[in-house]
2 protein chains.
Amino acid sequence: MTQSAPRAMRCDAQLNRTRIIEFARETFAATPGATLKAIARGAGVGQGTMYRHFPTSDHLLLAVYWAEIDELVDAAPRLLERHEPVLALRLWLQRLAGYGGLGTAVSRAMAAATRADPDGPAYQQISAVLDELLTACRRAHRLRDGVTAHEVLLLMSYVWAAEGGADRPGGPGAGLLDVVMDGLCGRTSH
Amino acid sequence: MTQSAPRAMRCDAQLNRTRIIEFARETFAATPGATLKAIARGAGVGQGTMYRHFPTSDHLLLAVYWAEIDELVDAAPRLLERHEPVLALRLWLQRLAGYGGLGTAVSRAMAAATRADPDGPAYQQISAVLDELLTACRRAHRLRDGVTAHEVLLLMSYVWAAEGGADRPGGPGAGLLDVVMDGLCGRTSH
DNA sequence: ACCTGAACACCGTTCAAGT
DNA sequence: ACCTGAACACCGTTCAAGT
């Protein structure tokens, strides 16, 4: 513990924080575009408190969906153990896309992370994990050269671009993952 | 003229309209996130007038960048005449991406069109023209099956996803068009 | 038919006052 | 150290009143 452990919050602050997050989760599920003020009111805290804990709505979004992001991150090594690299990559991206569509957890947090805090922990973790998948593919000479994790995430932004969600089973964009995979695996150095 | 020709506007209305558009063009160039109220004030019209002509900021955006969209649309047939289909498609997408980056004309209008008015004339024209390019490629058996123009535009949304613009020459996303092209042309039915 | 501008209901943000 | 809630500067939207 040579470094500053984040200085435990006072217990009322901690309580308020969890209260906000919990109420925000329910609220976002019902009303995706809910306002910070409304959430503060509903959670029974002052607006100043809200603002202290979550300076912007993206911060709140990340806090609410943190668990889902963790799941996504944890899934990667498991996939790499059980499948060959390219399939693992495909399944992971599929899962990423599966979270997509506005209103579902990870896509909103991803959008928030890429938008507001590209250097924040959420984006860092996700791109680090994706980088492992890409490296595995590269080692197997199954990936084209010079593609970064950030670029792949950029390419996947079609998932959370459309309001309606581009990932619905039948909808437009359902087949786009095939296109992306072929693009990523074409022209290998093999 | 069996149909309702859009009923010529009164001359003061027409004047106000062009005044708004002109001032908005300058303003957007300087301050991308400019507000409708500020533009109304700067253009010397009442807020009600602003609202009558452009119910939402996306409508204004489309009006401002209409000329650029026309250029893009007109470029397609020329490209098809002078190059083979796949190269034509590539050059057109390159041009589309070249408009990219927030703050440049077409990308903002495209984002506006896909977001607010997916059935509006701008998006219709662009996707129709892209469909011609795709059809030409398909006829030459150089395009994978079952890809629609809408999907390709969805895939290109990486261009206007990032705030900084993903299309800068050296920046991330510069090589993504290659990935997209390989993805689109892989697995042909040829 | 069109324009004006005050008015309304909202938003995020701040900050003095409390505990 | 943290919370509260009034206050501030803004936004889009509406609408009675004018021409």
Side-chain angles (χ1 to χ4, degrees), chain A residues 4-25 27-28 30-64 102 108-109 111-113 115-117 120 163, chain B residues 4-25 27-28 30-64 102 108-109 111-113 115-117 120 163:
Chain A
S4 61
R7 207 73 193 84
M9 273 189 291
R10 229 170 59 179
C11 64
D12 55 345
Q14 185 61 257
L15 180 69
N16 272 332
R17 216 187 131 83
T18 61
R19 248 218 298 244
I20 291 173
I21 292 178
E22 220 150 308
F23 186 80
R25 162 168 285 121
T27 306
F28 282 149
T31 319
T35 195
L36 288 192
K37 215 161 198 164
I39 292 176
R41 187 161 9 100
V45 301
Q47 302 154 217
T49 304
M50 182 60 140
Y51 200 71
R52 165 189 293 267
H53 285 288
F54 307 104
T56 177
S57 60
D58 285 340
H59 289 231
L60 179 56
L61 228 34
L62 285 179
V64 168
L102 207 66
R108 299 184 55 181
R115 190 158 16 97
D117 199 7
E163 291 282 318
Chain B
S4 60
R7 206 75 194 86
M9 273 188 290
R10 230 171 60 178
C11 64
D12 54 345
Q14 185 61 258
L15 179 69
N16 272 333
R17 217 186 131 85
T18 61
R19 248 219 298 243
I20 292 174
I21 293 180
E22 220 150 307
F23 186 81
R25 161 167 285 121
T27 306
F28 282 150
T31 318
T35 194
L36 287 192
K37 216 161 197 166
I39 291 175
R41 188 163 9 100
V45 301
Q47 302 154 216
T49 305
M50 182 61 141
Y51 200 71
R52 166 189 291 268
H53 285 288
F54 307 104
T56 177
S57 59
D58 285 340
H59 289 230
L60 180 56
L61 228 34
L62 285 178
V64 168
L102 206 67
R108 300 184 55 180
R115 190 159 15 99
D117 198 9
E163 291 282 319

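Per chain, numbering begins at 1; letters A, B, ... match sequence-line order. Only a predicted model underlies this, so the values are computations on that prediction, with no experimental measurement involved.
Proximity note for A:Gln47 (side chain, C-beta onward) versus D:dC3, C:dC3, D:dG5: the nearest is D:dG5. Distance from the side chain of A:Arg10 is smallest to D:dA1 among D:dA1, C:dT13, D:dC3.
In this structure, B:Leu60 places its CG atom 15 Å from P of D:dC11, rounding to the nearest Å. Between the P atom of C:dC10 and the CG atom of A:Leu36 lies a distance of 16 Å, rounded to the nearest Å. For the pair B:Asn16 CG and C:dG5 P, the computed distance is 12 Å after rounding to whole Å. The separation between A:Gln14 atom CD and D:dC3 atom P is 10 Å, rounded to whole Å. Rounding to whole angstrom units, NZ of residue A:Lys37 and P of C:dC10 are separated by 11 Å. Atom pair A:Ile39:CD1 and C:dC11:P shows a separation of 11 Å (rounding to whole Å applied). For the pair A:Arg41 CZ and C:dG12 C1', the computed distance is 14 Å after rounding to whole Å. A straight line from CG of B:Asp12 to C1' of C:dA1 spans 8 Å, rounded to a whole angstrom.
In this entry C:dA7 has D:dT13 as its Watson-Crick or G-U wobble partner, both defining distances falling under 3.5 Å. As the counterpart of D:dG18, C:dC2 is assigned, both hydrogen-bonding distances of the Watson-Crick or G-U wobble pattern falling under 3.5 Å.
The residue B:Gly33 sits apart from the nucleic acid: no heavy atom pair falls under 4.0 Å.
Residue A:His53 places none of its side-chain N or O atoms closer than 4.0 Å to OP1 or OP2 of D:dC2. Checking the phosphate oxygens (OP1, OP2) of D:dG12, a side-chain nitrogen or oxygen of B:Thr35 falls inside 4.0 Å. Remark: A:Tyr51 is in phosphate contact with C:dT14, judged by side-chain N or O atoms under 4.0 Å from OP1 or OP2.
Contact annotation: the side chain of A:Leu36 never approaches that of A:Tyr51 to less than 4.5 Å [non-hydrogen atoms, C-beta and beyond].
Checking A:Ala34 against A:Thr49, the closest nucleotide of DNA chain C that is more toward the 5' end is the one next to A:Ala34.
Not one N or O on the side chain of A:Arg52 forms a donor-acceptor pair closer than 3.5 Å with the backbone of A:Ala13. A donor-acceptor contact shorter than 3.5 Å links the side chain of A:Thr18 to the backbone of A:Leu15. The closest donor-acceptor contact from the side chain of A:Arg17 to the backbone of A:Met9 lies at 3.5 Å or more, if one exists at all.
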Run the numbers on B:Met50 and B:Leu60 for side-chain contact (heavy atoms from CB on, under 4.5 Å), then give the verdict.
CA-CA 9 Å; B:Met50 182 61 141; B:Leu60 180 56; 3.9 Å; yes
